[in-house]
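Throughout, a chain's letter reflects where its sequence line sits, starting with A, and its residues are numbered from 1.
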2 protein chains.
Amino acid sequence: MAKGNLPKLHSDFSVDCVIFGFDDEELKVLLVERNEPPFKAWKAIPGNLVYDQEDIDAAAERVLYELTGLHNIFLEQFYSFGSIDRHPQGRVITVAYYSIIKRNDNGLHPVSGYAKKAYWWPADNIPKLAFDHNEIVDKALQTLRHKISYEPIGFELLPEKFTLTQLQHIYEAILQKRIDKRNFRRKMLSYGLLTELNQKQKGVSHRAASFFKFNKSRYRSLKKKGFIFGLR
Amino acid sequence: MAKGNLPKLHSDFSVDCVIFGFDDEELKVLLVERNEPPFKAWKAIPGNLVYDQEDIDAAAERVLYELTGLHNIFLEQFYSFGSIDRHPQGRVITVAYYSIIKRNDNGLHPVSGYAKKAYWWPADNIPKLAFDHNEIVDKALQTLRHKISYEPIGFELLPEKFTLTQLQHIYEAILQKRIDKRNFRRKMLSYGLLTELNQKQKGVSHRAASFFKFNKSRYRSLKKKGFIFGLR
DNA sequence: GCAAAAGTGTTAACTTTACACCCATGT
DNA sequence: ACATGGGTGTAAAGTTAACACTTTTGC
């Protein structure tokens, strides 16, 4: 166990980030290998202490950048964890954030020395993590599954022009179930927020799919009036 | 403004509680009148710092008790607030909890001297509060409204034996809309979780309503299988 | 007998589900 | 010609929404 005779901190707080990554196939979670005690060499989600004069949302962004090289990611707070002994060095309450992004398998480079490396790990098979990070990831997954039923999550994960099958794969990966293609397409198109473009896939060895785009500004104005975009 | 030349704290954390009260009529929020700086004599929601060796959930319970005399209330964490300057004396991140309880107009007695008094205030007309407490109450209300659409909130607010009209009033107060009686009754009964008792109201100057009870253990087992009790 | 809330059914509109075949493209 | 995923319609079942009158009780 990584607990040792480490100096005690005053009570303090940290932020932790659960970053889900999707790449047309599989849902993964971003883990780092820690390079500092406690839990040195353990896998963990990116997290660290908040500076004294730093907003917690800003701290989450900074910490994620330092440990993984990722930036400009919209992080959403979902829960805080504050058991007395969740941190072996002292009392640390952590505010947890999550996001889901397009995954590409290049470009995860820790900027600070706190993490040795950063990599994607399948969301359905998370290893044992440092601190209470398994609990944090579980709660983030629940939150994500819940959220997709009332907000259009998918469009952050897709290029501006995407096919309906790409969109369907996102729902299937997050909800962990197969969805009927015809019913899915009918439902998504019924909201009137997807515009079919005069463009098709090229170079695919099957019938080329149409590209669509998501009408974000129209969504925002409908949302204000109580409209809900989702799939249960 | 209540900011003064007060001593600076080290970074620290607090808990704040938004307690909704319902009494067959109206939804209210529990406020206290502060008796300590900062914001002395302002209205606020009950909240205070967490002790070094105290779990945050336990701290929320303790603080609520000390400021209002209420105890044995199931508090649910819903968000944390951590702007740099939300507390005039220094950096204080707060973890916010909410609950909804049966309101009776006796028995709100601050135990500690931090609050001068505690009282219920209509939820649709909250006055200006200390710190960022207006923002916290707003977010709690949103959370409550959202929650009622997928969990059976009402039964904590009712006596064990209740009428369907009492239940309907809860939904109407929280969702802020009128609901059709027949449709409401059909929907609630369709879940098969309400048992009609062989008892009726007494002494009412109109036809006496039947009492029902909620089958909590059956609900819990259905919930595990993915069942959702709610009204949208 | 009047006021007040309880209790009760039906219909139309809409939503969800289940299900199978032909189409376009590259190799 | 075949393998691959794209694209399409319908019917049955279930859910929601709208709507008005009779019953019971106390005063």
### Query
Any side-chain donor paired with an acceptor under 3.5 Å for B/Thr94 and B/Asp16?
yes
### Task
Please state how far atom CG in A/Leu164 lies from atom C1' in D/dG5, giving the value in whole angstrom units.
13 Å
#### Entry: Interatomic distance where CD belongs to A/Gln168 and P belongs to D/dG5 [whole Å]
13 Å
### Atom-pair distance (CZ on A/Arg178; P on D/dG5), nearest Å
11 Å
Report, one line per pair, each donor and acceptor closer than 3.5 Å where one atom sits in a side chain of residues 184-198 of chain B; sequence neighbours left out.
unit_1, atom_1, unit_2, atom_2, d
B/Arg186, NH1, B/Asn183, OD1, 3.2
B/Ser190, OG, B/Lys187, O, 2.6
B/Tyr191, OH, B/Gly230, N, 3.4
B/Tyr191, OH, B/Gly230, O, 2.7
B/Glu196, OE2, B/Ser210, OG, 2.8

### Task
Nearest whole angstrom, please: distance from the C1' of D/dA17 to the CZ of B/Arg185.
18 Å
### Query
So do A/Pro127 and A/Trp121 actually touch side chain to side chain, heavy atoms under 4.5 Å?
yes
### Message
Treating A/Ser99 as the side-chain partner and A/Ile19 as the backbone partner, does any N or O pair qualify as donor plus acceptor under 3.5 Å?
### Response
no
Name each donor-acceptor pair under 3.5 Å that joins a side chain in residues 56-66 of chain B to protein atoms two or more places apart or in another chain, with its distance.
unit_1, atom_1, unit_2, atom_2, d
B/Asp57, OD1, B/Tyr97, OH, 2.5
B/Arg62, NE, B/Glu54, OE1, 3.4
B/Arg62, NE, B/Glu54, OE2, 2.6
B/Arg62, NH1, B/Tyr51, OH, 3.4
B/Arg62, NH1, B/Glu66, OE1, 3.2
B/Arg62, NH1, B/Glu66, OE2, 3.4
B/Arg62, NH2, B/Leu49, O, 3.0
B/Arg62, NH2, B/Glu54, OE1, 3.0

### Query
Which of residues 224-232 of chain B have a heavy atom under 4.0 Å from DNA chain D?
none
### Message
On the side chain of A/Arg182, is there an atom forming a donor-acceptor pair with the base of C/dA20 - under 3.5 Å, no angle test?
### Response
yes
### Task
Verify whether the ring centers belonging to A/Tyr79 and A/Phe81 lie closer than 6.0 Å.
yes
Report all interatomic pairs (protein N or O, nucleotide N or O of nucleotides 11-15 of chain D) with separations under 3.5 Å.
none

### Task
State whether A/Ser210 places a side-chain N or O below 4.0 Å from either non-bridging phosphate oxygen (OP1 or OP2) of D/dG6.
no
### Message
Assess the residue pair B/Arg178 and B/Glu172 against the criterion (salt bridge (charged side-chain N to carboxylate O under 4.0 Å, His left out)); give the C-alpha distance rounded to whole Å, side-chain angles, the decisive distance to 0.1 Å, and a yes or no.
### Response
CA-CA 6 Å; B/Arg178 306 305 323 276; B/Glu172 291 179 332; 3.6 Å; yes
### Message
Using modelled atom types and a 3.5 Å cut-off, is there a donor and acceptor pairing between side-chain atoms of A/Glu151 and backbone atoms of A/Ile148?
### Response
no
### Query
Can you check the B/Asn183 CG to C/dA13 P distance for me, whole Å?
16 Å
### Query
What do you reckon, are the aromatic ring centroids of B/Phe22 and B/Phe20 less than 6.0 Å apart?
no
### Message
Rounded to whole Å, how long is the line connecting atom CZ of A/Phe211 with atom P of D/dG7?
### Response
10 Å
### Task
For the helix from C/dG1-D/dC27 to C/dT27-D/dA1, measure the angle between the helix axis at one end and the axis at the other, each built from five pairs, rounding to 10°.
0°
### Message
Check whether B/Asn134 reaches the backbone of B/Leu129 with its side chain - one donor and one acceptor, N or O, closer than 3.5 Å.
### Response
yes
## Note on the structure
When rounded to whole Å, the CZ to C1' distance for the pair B/Phe184 and C/dT8 reads 16 Å
### Message
Keeping A/Arg34 on the side-chain end and A/Ile45 on the backbone end, is there a donor-acceptor pair under 3.5 Å?
### Response
no
### Summary
Rounded to whole Å, the CE-P distance (B/Met188 to D/dT16) equals 11 Å
#### Entry: A/Phe162 ring center within less than 6.0 Å of A/Phe155 ring center
yes
### Task
For the pair A/Arg86 and A/Glu135, find out whether any cationic side-chain nitrogen is under 4.0 Å from an anionic carboxylate oxygen.
no
### Message
Could you go through B/Lys102 and B/Glu156, starting from their C-alpha distance and side-chain angles, then the distance that decides it, and tell me whether this counts as salt bridge (charged side-chain N to carboxylate O under 4.0 Å, His left out)?
### Response
CA-CA 7 Å; B/Lys102 286 181 249 205; B/Glu156 311 300 326; over 6 Å; no
Between protein and nucleotides 1-5 of chain C, what N or O pairs are separated by less than 3.5 Å?
none

